[in-house]
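Each chain gets a letter, A, B and so on, in the order the sequences are listed, and its residues count up from 1.
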There are 2 protein chains.
Amino acid sequence: MTPVKPSLELLRSLSDEHVLRALMRAGRLTRAELAVQAGISKPTVSESMRRLTEAGLVVDTGDRTTGRGRIGTYYGLAPSAGTALAISIAPAGVVAERLDAHGTVLTRTTRPLTRPARPELVAAALTAAVEAVRSAVGPARVATVSAADPVDRVTGRLVHLPDAPFLVGELDPVDLLAAYVTGPVTVDNDVNWAARAERDQGAAGDDFAYVYLGEGLGCAVVSAGEVLRGHAGLAGEIAHLITVGPGGRAMPFTEVFAALRLRQPSSTAIDVPALLGAGADVLAVIGTAVAGVLAATVALADPAHIVLGGPWGSEVPDVVGAAFAHLPRHVPVRPAAVADEASLAGVRAHALRSLRDAIIAART
Amino acid sequence: MTPVKPSLELLRSLSDEHVLRALMRAGRLTRAELAVQAGISKPTVSESMRRLTEAGLVVDTGDRTTGRGRIGTYYGLAPSAGTALAISIAPAGVVAERLDAHGTVLTRTTRPLTRPARPELVAAALTAAVEAVRSAVGPARVATVSAADPVDRVTGRLVHLPDAPFLVGELDPVDLLAAYVTGPVTVDNDVNWAARAERDQGAAGDDFAYVYLGEGLGCAVVSAGEVLRGHAGLAGEIAHLITVGPGGRAMPFTEVFAALRLRQPSSTAIDVPALLGAGADVLAVIGTAVAGVLAATVALADPAHIVLGGPWGSEVPDVVGAAFAHLPRHVPVRPAAVADEASLAGVRAHALRSLRDAIIAART
DNA sequence: TCTTCTAGTAAGGAGTCCTGACTAGAAGCT
DNA sequence: AGCTTCTAGTCAGGACTCCTTACTAGAAGA
């Protein structure tokens, strides 16, 4: 709505941004190559390089071209330009990775967790993991965090919803990580990150829904390439969505598993092994219940198709698909394409984008 | 992701855009006032004005300042800069308005429709209405259309969904209006436009859901200020959402009204007068059914609150609110703030934005 | 050894924005 | 009435950015 003010400073800043982004993509380039990549004339690139090297963001890598003509000098991002933290917090443990602006994973560490998760132990594991991937060049610029619980959109804190299992527990990642990072800390739900990974890597397109079925139940709606977050960040928490239960009774999704006695003792978490070992009749009931959830998703969000992920979500697409096909409006159901550390993949991609933006913005 | 190429042309274009937008906001301004409004120096404004008057987008309005110092000349957008069409197509009739770039309604006409709507009659009424608001200065640049049926996101055609009433019928507004407009024709569902009007004018915020309850059933989810459209544009078509019916049975929303015998004869449209005259027990069932829909909306989209609109939606917030309050996750329910021609209000706002963008883009 | 080719720099031109000074012209004050 | 004050718009000059063209340095190939 309000376009930026026209000024010569804007032009200069855009030139620098083009040069930096080209270097981020390619790793190292000569001035001549940069001119081609960035679509800018050689003299202008030279001017920009002078500014960026002075600012300490770009350095001569020492490498030289070998070819016909005069040897060229390769330039690349300075190591001190900054790194990003990509972190995943799940009931099984904490994973922390440090990335540079090219997207390379520099360090990685994991810290197991015991169950049930106790807040102070989770916090300690998180801090320890971050300490372990510390680097010599100084603090990271940005951090991106995936958590296996609902996340408050504004504060980034983990939230406990009624009748949903609290897998990770009371935690404030923004507060814990503030000391290790100079820029923004982004926190979101693991299902949302997995959906973003599916969008980026799978052939999922820009409008689909990702339904996660594990101990907890979650859903991410991707519309026009963006994950729907909602007012408080609790979009996709489908535990209370009303669907078809045993005997055709209407009941909240989570209570279907209570009615089928598929919950873990003294918890609202689903007993996944028991579910996977259940008989065909029980699975049919589950299929119908999931199909009801899918019907709601299709009615409200109109996805091109639905991706099923999670420990048991990837095991039941046929049962669910069969029940779903009976409904008047249905769309294809397919298992997730990104299976291995799906949410961490989404976190990495965001951390990289966020780091690059931070570096671009850093040059005053 | 890909920033624009830095060039002096970019600067010039930005200056012109600032000047044009200031003129659109204020109506008429002197060069000195423009310099202040647009945040640009006086000589630069003069240069920009020279270009824009040459392009025919800006004219001397003939007015002069009266004040202490030298008299100034007021400049304004040229009438030939362009106009926009704002159109609403509902079962009751077609409304067409012509707006200028300041948002003033220049002409307005309505064409009644007989029921049930027949496609060729609707098309004729639409064409007649557009002809009636024709202006002497030439064709409109853009058109924005609201239709009381689901709209295909890509083609703009009206779509008939199973078990939903087809109120307007087979119609291709983009094709019909192409002859009257040089720029884009935007078509969307009336509920989506009403939700946008609610966002702009009411105190609805940027994350809410608008549930429309009339002869047809609709819902618009506004997230981060944007209306969720979905893959084919059919997001919010809640007729098949599974909810609680009579006797606690799970059934699609639309079938609740069939079970209660509240449908119009030989149609899936709801008999609104009968519904409003129904007894407390029937209303309680309806309240529970709507609450089930709201539960799905809250679970999937996490709105800050829910707005109820439509002929009978604004009559039942208490009944619905009571049933909704029993559910574990509920949010405030309120009637719509924009009651009168809500969707046309949303259409107008979009037509204005679209026209302004088209004018900005027009200056090559 | 000479030619060919390429990386990087230098020089000059075009274009844009800004500041500050200047002119024209009307309103208000004495 | 005449002077002062104030404002709209223009002019001149400076700073800056980008581009094209030409040039230099230096290595590989013939």
Check your understanding: Less than 4.0 Å between a side-chain N and a carboxylate O, is that true for A:Arg28 and A:Asp60?
Key ->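 No salt bridge links A:Asp60 with A:Arg28.
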Check your understanding: For the residue pair A:Thr65 and A:Arg70, what are the closest heavy atoms and their distance?
Key ->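 In terms of heavy atoms, the two residues are closest at OG1-O, 4.1 Å.
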Check whether any side-chain nitrogen or oxygen of [X] sits under 4.0 Å from OP1 or OP2 of [N], and answer yes or no.
X       : N      : answer
B:Arg12 : C:dC17 : no
A:Ser15 : D:dT17 : no
B:Ser46 : D:dG9  : no

Whole angstrom is fine here: how far is it from [atom1] in [X] over to [atom2] in [N]?
X       : N      : atom1 : atom2 : result
B:Leu8  : D:dT20 : CG    : P     : 12 Å
B:Arg64 : D:dG9  : CZ    : C1'   : 13 Å
A:Arg51 : D:dC16 : CZ    : C1'   : 11 Å
B:Met49 : C:dT16 : CE    : P     : 17 Å
A:Arg70 : C:dG8  : CZ    : C1'   : 4 Å
A:Glu9  : C:dC18 : CD    : P     : 12 Å
A:Lys42 : D:dT20 : NZ    : C1'   : 11 Å
A:Tyr74 : C:dG8  : OH    : P     : 10 Å

Check your understanding: In terms of the nearest nucleotide of DNA chain C, which residue is placed more toward the 5' end: A:Ala32 or A:Lys5?
Key ->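 Result: A:Ala32.
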**Study point:** Residue mapping more 5' on DNA chain C - nearest nucleotide basis, B:Thr44 or A:Pro43
**Key:**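 Closest to the 5' end, via its nearest nucleotide, is A:Pro43.
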Practice item. Could you check A:Ile40 against A:Arg68 and say which one's nearest nucleotide on DNA chain D is further toward the 5' end? Key: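 Between the two, 5'-proximity favours A:Ile40.
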Is [X] touching bases, backbone alone, or none of the nucleic acid, heavy atoms closer than 4.0 Å?
X       : value
A:Thr73 : sugar-phosphate
A:Gly72 : sugar-phosphate
A:Thr30 : sugar-phosphate
B:Leu11 : sugar-phosphate

**Study point:** Side chains of B:Arg31 and B:Ser46, donor plus acceptor under 3.5 Å
**Key:**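 B:Ser46 and B:Arg31 do have a side-chain donor-acceptor pair below 3.5 Å.
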Check your understanding: Looking just at side-chain N and O atoms, do B:Arg98 and B:Thr83 make a donor-acceptor pair shorter than 3.5 Å?
Key ->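 Indeed, the side chains of B:Arg98 and B:Thr83 share at least one donor-acceptor pair under 3.5 Å.
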Review point. If we only count heavy atoms from C-beta on, is the A:Leu99 to A:Leu355 side-chain gap below 4.5 Å?
Key: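 With C-beta onward as the side chain, the pair stays apart.
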